[in-house]
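Below is one structure, written out as structure tokens; the observations come after it.
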Amino acid sequence: MQNLVQATYSGLVLGSIYALMAMGFTLVYGALRFLNLALGALFTLGGYVAWLVAGQWGLAAMLGIVAAFVVVAFVGAGSYQAVFRPMIGRPGWDITTIIASLGLGIVIENVILIGFGPRNKSIPLLLEGGFRVGDLLRVQYQQLLTLAVSLVILLLMGLFLTRSRHGLAIRAVAQNRDAAYLVGTPVHRVFAIVMAISAGLTAVAGVLLSAVFFLNPGVGLAMGLRGLIVTIFGGLGSIVGTLYAAFVIGLLESYVSMYLGARWALPALFAFLIAVLIVRPGGIAGLAEEARV
Amino acid sequence: MTETILECAGVNRYFGALAAVNGLSFQVERGQLFGIAGPNGAGKTTLFNLLSGHVPASSGTIRFKGEEIQGLPPHRICHRGLARTFQIPQVFGSGTIEENVLVGAYFGRRERLPAFGFDRETRSRADRALEMTGLGAHRRAPAHLASVFDKKRLMMASALATEPDLLMLDEPFGGLNHGEIDDLIALIRRLHGAGLTILLIEHVMRALMALSERVLIMHHGEELAEGTPDEIRRNSHVIQVYLGRTAGVA
Amino acid sequence: MTARPEELTQTTPSPAAPVAGAPVATGVSVRSAGLDRTVLALAVGAALVAPWILHTPYWLNLLVLICIYATVNQSWNLIMGFAGIWSFGQLALFGVGAYTSALLTYHYGVSPFLGTAAGAVAAVLASMVLGLPSLRLRGAYVVLLTLAFHELLRNLITNDTTKWSGGGFGLFGFGQYGLAGLPQTDRMMVFYYAALVLLVLTNLIIWRILKSPLGLAFRALRDAEPYAVARGIPEYRFKLLVFAISAFFTGLAGAFYANFLDAVGPSIFDFGLMMNLLAMIVIGGWGTFWGPIVGTILLLYLNEALRDIDEWRVLIFGLLMILFVILLPQGLIRPLESVADRLGDRIGRRGERAPSGGTTG
């Protein structure tokens, strides 16, 4: 019983990080209709920015998170302007953008590798210690913080998308780009904002996860793939589906790790994913018509 | 000796709560030239998609040459002898005109795995289709550079290369000038005269009425009226709903 | 909806064609057939003679790698460039081939020749794991699925605590097809010619396929899928077929690779390697026949030339790839071909009989 509760709790924490990560993919796909594979590297970049700010320069840990968001958001918007914007609309752009994003991700990762070296670094935990809930559960404050930060950010994002002018513009563009363009929505600016937000979200996820585990140039890769799995499962472009999927995947991974061993987590996820895809090619709530050929 | 080649019975297609096709029933006889018309959004192209297998019917039966085909994938339906064209001219852009027709000629009725080359029969099927549609002279030209009219003829040629029992044409006259419309009418008459059964969706009433032996008018996914062109012209419902003031019927 | 890029076809500029960047018909230009044959003969000649000129283990190693990677790239090009299926599982399949052969020889003493064949078969089976769920999925989902598969394999092996797969350390010592006893240079020579045979065979078969009805079907499915299936092309069957064909040669190359290096490890799944391969195809010319080969030769050479700045190589290739994909998405082959055509024209005009026939009506 204790195992179950502990695993459930871990799964939820993990799920919240996955939600941040996967949200980046989903937002970009929903609005821009392409898969930004560079997000994994941006995840890593976020971690390193925070490490620089909070670890190396000794500033407040919270500042680290904020810095990560801001810096990487800039990188995201910048990459849109420099790399992706010229490509969108040209023949074959739906695959060439994916390839470009893959290249970009590897470039960023290698820059980090060259700049910071391959060894693990640790980000000073924002909160030390924890508490126990009777015999059932061991909770670390850092985990709670992770959960809290994730949920707050997701909530803020939800409000942004539904209430703010920019948010509405994003949703309009996601639903029907041409129509949005015709009614005067500054489509390219919207795209840049989406790229920036998705990059920022991913960066924060990077900080949070690295604070709990460790940081090296390769973390983005593993995480990126988890994020991808969540996105497939939840359905590309569906925010609600992605949220739901993130926690399901987080829990699944946690349970498998607890009861079968950590090394079976990914294979189990993959098998689960294939099963889901066979039954529902669009994931849970994805753009089903689009997913199905 | 008439034989029913295509039969729809209570065919429905729902998209969520919207019935794009609602309880449609009609029959097409072998050798007939059957026209389908209706206002935009009447469900005509959806009907074609149901017949060709691109969209599954929600319910109802579709019988082709006596056998049920609802639920079959498009390539199987093509193998059975039902070929269609598309409202927006489709083309295999990376190929030549000849290659476009070869696709139909080779794969149209083929159930076995492909071989390493195009056999003589395939090539003669393709040649015949090219001749019939008057594209023989341009066979080496890149298909994507073809004009709209040529693309439409090309679509028909590749359909004909499958040696279909039923040819379905989805609004072939759209966007053509008068001369091209006349050419196309002549081509369709030739094909019909040679014994081909044709199902024709068309907005251009002049062409539809001139060609069809029987006409079905659709409205909101349902049948509004069915009969000979004369009967349709005199049908008050049809006049009210569809022909209205634009009664430019030949 | 989104038009598949017409420039993703094997093309030679023809008189009626619009400027570069716009779609051109496929097919070999009759006009430059003579030139094509000359170039081909030269290339074959160079390939046969190269190992005697570059007769050191260092260069021979590079030559073998060129052949192996070019095989993989051509296979990847078949499924992604010609058939239009966005599978990023190619490297994973390469790894499957390598590991299958390695494991069979290492643990069960299976002859490496048999192991190599088994590697090809295993890769085909693995491609079905990718292909079957992919059938009903649209583009981006296939990318995700195949990447996830890649990571799954890498993860399984790296975290293998039983060490049966060699874990993080890998496996080694498979006998190198019985050639281990030979002096190094001689051994490399044999490997080179074997690799060359692999490359030529793969390319010959893929070339035949592209020219065959099946090749036409792949292009049709890529160009306009609803139209293609309406003309009788069995979509699912052919998609699985292209997965299988592509995987077969890749698995074969992977097994050969493991035996050549006499070692295999999870580094075979490095994303840096995947990106290098992708860069070779993109820079060479994606969706063309010669592009992958040219790209492989070019980038592997560049790789060696940049040996000194080891850590920057991946970075540079990544940047190159991005640049090409933005500025020159058709790769180098098209500009090279048009230069060659113009040269051929000038030679043709200098008194030789002009080749007969045109390409366009």
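- Contacts with chain C were tallied for A:I108, A:V111, A:L266; A:L266 has the most, counting heavy-atom pairs under 4.5 Å.
- A side-chain contact (heavy atoms from CB on, under 4.5 Å) with C:L147 holds for exactly one of A:I229, A:L35, A:L228; it is A:L228.
- Contacts of A:A268 with chain C are absent, with no heavy-atom separation under 4.5 Å from either backbone or side chain.
- Proximity to chain A is limited to the side chain of C:F88, based on heavy atoms less than 4.5 angstrom apart.
- Contact of C:L145 with chain A is made through backbone and side chain together, with heavy-atom distances under 4.5 Å.
- Chosen from C:T158, C:L319, C:L323, the residue pairing most often with chain A at heavy-atom distances under 4.5 Å is C:L319.
- The line from CG of A:L113 to CH2 of C:W312 is 10.5 Å long, rounded to the nearest 0.5 Å.
- Looking at C:V143, the atoms closer than 4.5 Å to chain A (heavy atoms on both sides) all sit in the side chain, from C-beta outward.
- When all heavy atoms of A:T96 and C:V325 are compared, the closest pair comes out as O-CG1, 3.8 Å.
- Heavy-atom distances place the side chain of A:L273, and not its backbone, under 4.5 Å from chain C.
- Summarising the geometry of A:F270 relative to C:F149, their closest heavy-atom pair is CE1-N, 3.3 Å, with the distance given to 0.1 Å.
- Taken to the nearest 0.5 Å, the CE atom of C:M321 stands 5.5 Å off from the CG atom of A:L102.
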Applying side-chain contact (heavy atoms from CB on, under 4.5 Å) to C:F317 and A:V107, what does each step give before you reach the verdict? CA-CA 9 Å; C:F317 284 3; A:V107 165; over 6 Å; no
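- With rounding to the nearest 0.5 angstrom, the CG atom of C:L144 is 9.0 Å from the OH atom of A:Y29.
- Heavy atoms from other residues, nucleotides or ligands lying under 6.0 Å from OH of A:Y259 number more than 12.
- From A:L37, atom CG reaches atom CE of C:M275 across 13.0 Å, with rounding to the nearest 0.5 Å.
- Most heavy-atom pairs under 4.5 Å with chain A, from the set C:P226, C:G318, C:A148: that is C:A148.
- Going from atom CD of A:E109 over to atom CG of C:L315 covers 11.5 Å, rounded to the nearest 0.5 Å.
- Contact annotation for A:I99: both backbone and side-chain heavy atoms come within less than 4.5 Å of a heavy atom of chain C.
- Taking both residues in full, the closest heavy atoms of A:G103 and C:I322 are given as C-CD1, 3.8 Å, listed atom of the first, atom of the second, then distance.
- Both the backbone and the side chain of A:P267 come within less than 4.5 Å of a heavy atom of chain C.
- Atom-to-atom distance recorded for C:F271:CZ and A:I106:CD1 is 7.5 Å, nearest 0.5 angstrom.
- The residue among C:V282, C:L327, C:N159, C:L153 with the most heavy atom pairs within less than 4.5 Å of chain A is C:N159.
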